[in-house]
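If you're wondering where the values come from, they're calculated on a predicted model, not measured in any experiment.
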Amino acid sequence: MNIVPFIDIVEDLNRDLIKSERYLRLILAIQRAIPCDVVALLKLKHDHLVPVAVVGLKQQALARQFSINHHPRLQQILANPHITRFDADSTLPDPYDGLVDDGSEQLHVHDCMGSTIYIDGKAWGVLTLDAMKAGSFDSLNPTETRAYIAAVAAAISTSEHIEALEAQVERNHQVAQCMLATAGPSSIIGNSVAITDLLSEINTVAASDLSVLITGETGVGKELVAKSIHQQSRRSEQPLVQINCAALPESIVESELFGHVKGAYSGAVSDRRGRFELADGGTLFLDEVGELPLAVQAKLLRALQNGEIQRVGSDNIIVVDVRIVAATNRNLQLEVKEGRFRADLYHRLSVYPLPVPPLRERGKDVILLAGYFLEKSQHQLGVAKLRLQQTAIDQLTQYHWPGNVRELEHLLSRAALRAISEQGRHASIISISRVHLGSEFVVNHSVAPAIAEVDIINDSNAAAALSQVLTLGLRDSTDEYQRQIIQTVLVTERGNLAAVARRLQLDRSNLIRTMRRLGLDPNAAY
């Protein structure tokens, strides 16, 4: 084949094709230009060469990673800036032994050559060609062969550029959905001893690549801690990608984590990167990691151990460099004991455990946080100044905060709206008093822990509940209490799971998992 039509072929490769098709058509064009039995295009990743397209080799070859140190032929090709050709009787082992599509277990006398592909002056990978008949490459024109290799490099460069643009578009779309929300504080607010200790711990672990397991109650700010760890790490210029493990149906968790290829399942109309690939070079935040199904936990463990993933429906191994930060409000040690979480995965995730203190242990930090949230609210609501009266401050500092920082933010948003409605949007200062916090907050919740303990002793219902705990144990009593609450709300909402989830402030998928764990049928009529 003349070099001019060959160039026309490779120029057509970049129109409306996915990456794998571009590479396959590229090496098919090479095979027509240089008649041979095997052509392989391998991309350099660290100290391995990974096949991206092959002709004449078994499909399993695409799942291999060839260590440069263990394959002297590939090592020689990479070390030579020119085309490397091996003698037909070379004793060097061939990396494709047992992988040739004709069933040969070992490649004996045959022609073999290869060339490093350079993109922007750097080694991108190698192109190898094998012919089963010795002497097949004797008549090749060296100048024309080099021109073919240069055309291949140009086609790959263009393909890489297209891939980068496609990836950026997809990354912008997906990262917009899975990057951490910026609605909360951009930095951790507080000067209490508990927060000072937490910040010290973050500073200690952030510079490393250790996996971090963030634990704490709902609403304490685990996402913000994950963000802070990333911002202080050497990966801060790379993406911080989040996946909420509790918010995804079990059927798509694996695809969300590892991606999928076209046709992997019904609805997979194109190749799709998973969160691991999106986070390559950066940090992956696994929120609510305790909700992962056991089957997915095993695959996640492999990814953490080897830095290797496989898209759903593909045999190709993808090497990723991802720092893992996980978070949970569950007691994972108990989950391991109960058989709901893998012990090996727990130890892999909790290399550096990092507990986040609840708001009730942070003293006057609640006032600092209130100031931040009111500042944000006054800009969002378009008013001049939102200020707390002393009566409101007293209530906030006495409250036990079972919902932590998130509860504080929501409470103040409601209080601000009530105060604006009462005092007018154009008031120079809008004061939030105890009344604006809401009667249910003042009457039912503004009780110090010590007072609450006295009330429990004096309340007959609480005494009955305590008796049940002592009889059944804390976990079973808690499960029974959850069961009763869910059943009550199910009846109230006539079995509408979405409405029940909203009432209970849960994700719908998390509600369904909880119901199944408690022996409740989500599909039953209520």
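The CG atom of L286 sits 7.0 Å away from the CG atom of L292 when rounded to the nearest 0.5 Å. Distance check: L278 CG to L284 CG gives 9.5 Å after rounding to the nearest 0.5 Å. The distance from the CG atom of D280 to the CZ atom of R273 is 10.0 Å, given to the nearest 0.5 Å. Taken to the nearest 0.5 Å, the OG atom of S236 stands 13.5 Å off from the CD1 atom of I229. Interatomic distance, K299 NZ to L304 CG, rounded to the nearest 0.5 Å: 14.5 Å. The OG1 atom of T514 lies 10.0 Å from the CG atom of L520; values are rounded to the nearest 0.5 Å.
Within a 6.0 Å radius of NZ in K45, other residues, nucleotides and ligands contribute more than 12 heavy atoms. Taking a 6.0 Å sphere around CD of Q390, one finds it holds more than 12 heavy atoms contributed by other residues, nucleotides or ligands. Annotation for H410: atom NE2 counts as buried by contact number, over 12 foreign heavy atoms lying within 6.0 Å.
Two residues are said to be in side-chain contact when any heavy atoms from C-beta on lie closer than 4.5 Å; V405 and L224 fail this criterion. For the pair D365 and I189, the minimum side-chain heavy-atom distance is 4.5 Å or more. Here the side chains of P357 and I195 are in contact, with some heavy-atom distance below 4.5 Å. Taking 4.5 Å as the limit, every side-chain heavy atom of V193 sits out of range of all side-chain heavy atoms of R362. The shortest distance between side-chain heavy atoms of E375 and L386 does not fall below 4.5 Å. Looking at heavy atoms from C-beta onward, H400 lies out of side-chain contact with L359 at the 4.5 angstrom threshold. Side-chain contact between R406 and V220 is absent, with no heavy atoms from C-beta onward closer than 4.5 Å. Counting only heavy atoms from C-beta outward, the side chains of R311 and N316 never approach each other to under 4.5 Å.
Without hydrogens or angle criteria, R425 side chain to L381 main chain gives a donor-acceptor distance under 3.5 Å. Under the 3.5 Å distance criterion, the side-chain polar atoms of K222 are matched with a main-chain donor or acceptor of G216. Under a 3.5 Å cut-off, the side chain of S350 and the backbone N or O of Y352 do not form any donor-acceptor pair. When atom types are taken as modelled, the side chain of W401 and the backbone of L396 share a donor-acceptor pair closer than 3.5 angstrom.
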**Request:** Assess whether side chain to side chain donor-acceptor pair (under 3.5 Å) is satisfied between E422 and H436, documenting all intermediate values.
**Result:** CA-CA 9 Å; E422 177 186 276; H436 298 126; 3.2 Å; yes
**Message:** Test side chain to side chain donor-acceptor pair (under 3.5 Å) on E407 and Y399; report intermediate values, then the result.
**Reply:** CA-CA 11 Å; E407 184 183 7; Y399 185 44; 2.5 Å; yes
**Request:** Evaluate the side chain to side chain donor-acceptor pair (under 3.5 Å) criterion for residues E288 and N244: first the C-alpha distance (whole Å), next the side-chain angles of each, then the deciding distance (0.1 Å), finally the verdict.
**Result:** CA-CA 6 Å; E288 302 293 351; N244 188 327; 5.8 Å; no
**Prompt:** Is there a salt bridge (charged side-chain N to carboxylate O under 4.0 Å, His left out) between D120 and K122 once you walk through the steps?
**Reply:** CA-CA 6 Å; D120 296 330; K122 296 181 179 180; over 6 Å; no
**Request:** Go through R235 and D209 one step at a time and tell me if the salt bridge (charged side-chain N to carboxylate O under 4.0 Å, His left out) criterion holds.
**Result:** CA-CA 9 Å; R235 300 170 180 264; D209 268 343; 3.0 Å; yes
**Request:** For side chain to side chain donor-acceptor pair (under 3.5 Å), just list the numbers for Q482 and R517, CA-CA rounded to whole Å, side-chain angles, deciding distance to a tenth of an Å, and then say yes or no.
**Result:** CA-CA 11 Å; Q482 288 183 328; R517 181 176 65 80; 3.2 Å; yes
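Taking every heavy atom of both residues into account, S428 and A384 meet most closely at O-CB, 3.5 Å. Closest heavy-atom contact between L294 and R340: CD2-O, 3.7 Å.
Every side-chain contact (heavy atoms from CB on, under 4.5 Å) that Q389 has, sequence neighbours left out, goes to T391, S431, S433.
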